[in-house]
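Labels below follow one simple rule: chain letters A, B, ... track the order of the sequence lines, proteins then strands, and each chain is numbered from 1. Computed from heavy atoms alone, side chains included, the values below leave out hydrogens, waters and symmetry copies.
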Amino acid sequence: MIAESFSVEKGDYLRAGEASTKMKNMLKKLGIGGSVLRRISVAAYEVEMNLVIHSLGGTLSIDLDGDYIWLVSEDIGPGIPDIESAMREGYSTADEIAQGMGFGAGMGIPNMKRNADVFEIESEPNKGTKIKMGFLMGGGKSE
Amino acid sequence: MNKRFHSVTLEASRCKGCTNCLTRCPMEAIRVRGGRAYIMDERCVDCGECIRTCSYHAKVAMTDDLGIIENFEHRIALPAPSLYGQFYHAKSIAVILEALKYIGFTDVFEVAKGADIATRLLQEELKNPDRPRPLISSACPAITRMIQIKFPTLIPNIVKVKQPMEIAATMARAEYSKKHSVSKDKIGVFFITPCAAKVTAVRNPIGQEKSEVDGVISMLDIYAGVFPILNKVSADENVKIATPYGVGWANSGGESRAANINKTMAVDGIENVAHVLEEIENGRLRDLDYFEGAACSGGCVGGPLTYENKYVARNKVMQLISDLPLERPEDAVPCRVLNSFDFMLDTPIPENYSMQLDEEVSTAMEKMERINEILESLPGYDCGSCGSPTCRSFAEDIVRGYFNITDCIFILRDRLKVMAQQMVDMSNTKRE
Ligand SMILES: Nc1ncnc2c1ncn2[C@@H]1O[C@H](COP(=O)(O)OP(=O)(O)OP(=O)(O)O)[C@@H](O)[C@H]1O
Ligand code: SF4
Ligand SMILES: [Mg+2]
């Protein structure tokens, strides 16, 4: 079993994407490719960008247990008051800076859900958000 | 076909074992050991970066000697459009083409005409809504190979159109054979290349069984022969040249301009291309229709086997283009050509697993754990003194059994210190 975690800081656009890139490189070294890797790449990047854009900072971790690759994002706030809305395509509270950089289409969470084989989200206002995504190593969803 | 063939090779006698190429290889495919460099076959993409960086000219591109054309009775030169940029004083493209006939070729067929055809086919492929976006150019073989190794998830995005060089080879042979009524096997077609990647692409094709090209000659070798006679030859200026758009493939961004694509991005320089491919892999550039990446800065005019400075060459190409009649590939390429030949790649482009630590995921995971442990003990300077480009790759190399931990001079120094101290301690105990 192998696990690694990366801290992601609020508003750090300069390093945004680094954690997903490192995780991707790690998976490639482990010989994981094809559609699983493609799905993880998309989900990891979306969840990392959400940490940068919407959270007060958090960690992204990856964990392999033999069947699944687990991708977990955990942050220290501010939490999502209305998860149901946040899950909807097109819903976004992204600020102007994020929008100026091409984010804020409200597609991130729907994309994660679509790409992951397992998707769990918990959030508590003022405490934080935790998103856990599982990807079946031997195939899983075909997009 | 030799799967391990690479045009880029090491001239061991010239290699000093320095770290110039080691730390600048974009694929981390070079190691230095026992005072000389080694290129890892399975990771090298023949981008030619090391040919540029080696101060001792120990990295070379294997190409065919010009003499190879003697093997055929009929010899057609296929000049890459980047060749036109090499001759600053050339009056026209026609003159350059004519000069090629003076150095031994019986005929010339422009690769730029192949590019005109490739442009048309690319436009057709872009119309297919089932193809993933962005489509990624297949023109630079170094980039295609990098995708196979580093970005395997993007393989489905690679355009299925053959390289202009291959298209030109087929067309040249067919037209010549018909015009002169000679059988096709008596005709040799020779690509004049700006780079090593194209040599490898001929010997070891990607996406097709066999190349149509019979030999690949370095632009540098042609330069020496053509340059002195350029002023002396007179050419028929009415000879039909490729469209300005086909010729424009020589410069970065030329494919998109030719195919007239709006949502497109052109990136040059292999490291830059890698960064953008990373973004594409993350799903960020989904609204893009086309991505065109060239390993060389400037595009093919910046190829490692070109003579002229890439900015000068780019300008020269632009100037020659502006002298051409403004004709679109859509008008220049007859439908008959598109209908009677098949210029699409027909064998799958496989993933290349050379980055993988082990075939078994579980074993790979164990190895990765050991790598991370070793990495903790390394200083993180990425100095290259051990012979591996970074501390991380060194840790990997140790686990692969290629290096020992004491090949790191800092670890060695620490161990020696401990040993020295132990010896002092020992002699102290004796004296007591
Ligand atoms: N980690 C988080 N902490 C707090 N709020 C979040 C977090 N992640 C997402 N949200 C909220 O959920 C909304 C929807 O997120 P989603 O990723 O789907 O869209 P987006 O980030 O706004 O736009 P896009 O991802 O398309 O650039 C966000 O606008 C934000 O309000
Ligand atoms: S950019 Fe052109 S010259 Fe450079 S490696 Fe690619 S195909 Fe060759
Ligand atoms: Mg988002």
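- Here the two rings, on F394(B) and F403(B), have centers that are under 6.0 Å apart.
- At a 4.5 Å heavy-atom cutoff, the contact between E396(B) and chain A is made by side-chain atoms alone.
- Judged by distance alone, with hydrogens and angles left aside, the side-chain atoms of R38(A) form no donor-acceptor pair with the main-chain N or O of G283(B) at under 3.5 Å.
- Using a cut-off of 4.0 Å between Lys/Arg side-chain N and Asp/Glu carboxylate O, K127(B) and E124(B) are scored as salt-bridged.
- When heavy atoms are compared at a cutoff of 4.5 Å, K150(B) approaches chain A solely by way of its backbone atoms N, CA, C and O.
- Under the side chain to side chain contact (heavy atoms under 4.5 Å, CB included) test applied with I136(B), the options L288(B), I147(B), V159(B) reduce to a single match, I147(B).
- Residue contact with chain B, scored on non-hydrogen atoms closer than 4.5 Å, is absent for E48(A).
- The candidate from E359(B), R284(B), M355(B), E279(B) with the greatest count of non-hydrogen atom pairs under 4.5 Å with chain A is R284(B).
- Among T21(A), L27(A), N25(A), I40(A), the residue with the largest count of heavy-atom pairs under 4.5 Å with chain B is T21(A).
- Heavy atoms of E360(B) lying under 4.5 Å from chain A are absent altogether.
- The parts of E281(B) that come within reach of chain A are both its backbone and its side chain, each placing non-hydrogen atoms under 4.5 angstrom from that chain.
- A salt bridge (charged side-chain N to carboxylate O under 4.0 Å, His left out) with D397(B) is found for exactly one of K367(B), R33(B), R31(B), namely R31(B).
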Please walk me through it: do V36(A) and L136(A) pass side chain to side chain contact (heavy atoms under 4.5 Å, CB included)?
-> CA-CA 8 Å; V36(A) 185; L136(A) 260 177; over 6 Å; no
